[in-house]
Amino acid sequence: MLTALGLRGIPAAIAIASNLLAPGAQAQQVRTDIVASGLQNPWALAFLPDGRFLVTERAGRLRLLAADGKPLATVAGLPDMAAAGQGGLLDVVTDSDFARNRTLYFCYAEPAVTGRANSTALASASLTTDGARLENLKVLFSQKPKVASSAHFGCRIVESRTPGMHGRPDGKLFLTLGDRFSRKEDAQKLDNHHGKIVRINKDGSVPADNPFAGKAGALPEIWSYGHRNGQGATLAPDGTFWMHEHGPQGGDEINLPRPGANYGWPDITYGENYGGGKIGEGLSRKTGMEQPLHYWVPSIAPSGMAFLTSERYGQAWLGNLFVGSLKFSYLDRIELSAPFGGKVVREHKLLADVGERIRDVRQGPDGLLYVLTDSSNGKLIRLLPQQAAK
Ligand SMILES: [Ca+2]
């Protein structure tokens, strides 16, 4: 189904902190092609080399869809999950060598053996050629400690590459980890995995060059800390790791986490407590803590993150960053001062007419953008350039 969509005007209530939303009159149009619907709270999308799709559903299902969107299978062989609140089956990514090794990585809310506690975990498995089930399941990482909470799992996985424009996969994975909502003070401590980004090898071991490897009192998987709840992450073509994270009431951020750096939560933030009131000392800057590349007040509740590396939508979009908004139901096209880098220059609202929470955004092998909408009748939508043939 094709629907003509244009850019909406900007509701007065939405004031981006840096006031970079472009005027709605600039009609930059895309058409939407609904590939699949009836997905239950889909969270993440992956592309298989044969054109099929993998979609996670938060309730704990991994769905295999045909290239035309037709449901083919519910993939068997997932581990037990704590599917409640924000938890369940969350991200999925295919290995860069998937065509040969059939390996994928996924993260989810892992229950404790007994009791109500849970935490984010990252596992690898191989997908059988018919796509019916997972084999060789291995839990590579479990966030510590587990706590009884159904919120702030983080859970975006990025396969890293060697630095530089022609970097190769380097055998390592990044994983974003939330503060579990009730444990925000933990984000400033290195003896736990709450509010962190971790970096592990694909076999679950710890890279020897991790910033805290071998340091007393610090967990060796930690790459960066002081994060709140990152639900979007990607790699720029030059190998730089980008992520965003939810602020509290206001103060969602884009960060480019460097090894060992402290991104400030909860000591500094551009947000406030839900219902008002400052967090901690109410500071937004502090020596030794990183400033975000960009922040949003009010919060857009970001989820999903992708760079556009294709020219399918013209030169103006090449090198832009795309982020879904759960709260205001649009896809944010973010212009940067340089393709794939620099500062945020301007933002554009896309898909506002769809009226659905955007949970994930990815660029497909065809160079087109795909989004997942988060509802009990979630959709997989392909964005078509307006000038494309009918
Ligand atoms: Ca921060």
Side-chain angles (χ1 to χ4, degrees), residues 15-20 86 120 143 151-156 158 174-199 211-212 218-219 221-234 236 240-274 276-305 321 323-327 332 334 336 341-344 347:
I16 299 295
S18 39
N19 196 23
L20 298 175
Q86 298 170 5
T120 299
Q143 182 187 27
H152 292 198
F153 293 89
C155 213
R156 288 292 181 188
V158 174
F174 289 111
L175 173 67
T176 65
L177 294 169
D179 68 356
R180 310 311 318 282
F181 190 74
S182 57
R183 302 290 286 262
K184 68 177 189 292
E185 307 302 332
D186 281 3
Q188 285 296 320
K189 300 172 189 154
L190 296 171
D191 62 355
N192 69 83
H193 294 131
H194 296 146
K196 307 295 191 300
I197 289 164
V198 293
R199 178 183 184 243
F212 300 107
L219 296 183
E221 298 91 352
I222 296 171
W223 175 258
S224 60
Y225 64 108
H227 299 285
R228 187 168 179 271
N229 189 29
Q231 295 191 335
T234 193
T240 305
F241 178 60
W242 290 57
M243 60 85 70
H244 59 59
E245 55 188 283
H246 290 244
Q249 184 164 285
D252 302 343
E253 302 179 351
I254 296 176
N255 290 303
L256 281 58
R258 293 182 294 102
N262 179 357
Y263 288 83
W265 177 255
D267 286 15
I268 59 170
T269 175
Y270 287 90
E272 60 180 12
N273 281 311
Y274 293 109
K278 63 186 182 184
I279 292 170
E281 300 171 63
L283 301 175
S284 55
R285 290 179 174 271
K286 212 168 189 176
T287 304
M289 297 184 186
E290 304 295 320
Q291 283 293 301
L293 179 81
H294 182 66
Y295 65 92
W296 289 274
V297 176
S299 294
I300 67 167
S303 191
M305 185 183 228
L321 185 65
V323 171
S325 166
L326 295 165
K327 186 169 179 187
D332 195 5
I334 301 174
L336 301 166
K343 302 280 186 206
V344 173
E347 300 179 73

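First listed ligand is number 1; within each ligand, the first listed atom is number 1.
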**Asked** What residue among His227, Gln188, Glu290 forms side-chain hydrogen bond (donor to acceptor under 3.5 Å, both in side chains) with Asn262?
**Response** Gln188

**Message:** Restricting to non-hydrogen atoms, name the atom on Tyr263 and the atom on Pro257 that form the minimum distance, rounded to 0.1 Å.
**Reply:** OH-CA, 3.2 Å

**Asked** Listing residue and atom name, which protein N/O/S atoms are closer to the Ca ion (ligand 1) than 3.0 Å?
**Response** Glu253 OE1, Glu253 OE2, Tyr263 O

**Message:** Can you classify the ring geometry of Tyr295 versus Tyr270 as parallel (below 30°), tilted (30 to 60°) or perpendicular (above 60°)?
**Reply:** parallel

**Prompt:** Any idea which heavy atoms bring Gly341 and Leu336 closest together, and the distance?
**Reply:** O-CB, 3.1 Å

**Request:** Measure up the Phe174 and Phe241 rings against each other and bin them: parallel (under 30°), tilted (30 to 60°), perpendicular (over 60°).
**Result:** parallel

**Asked** Could you state the interatomic distance from CG (Leu293) to CD1 (Ile334), rounded to the nearest 0.5 Å?
**Response** 9.0 Å

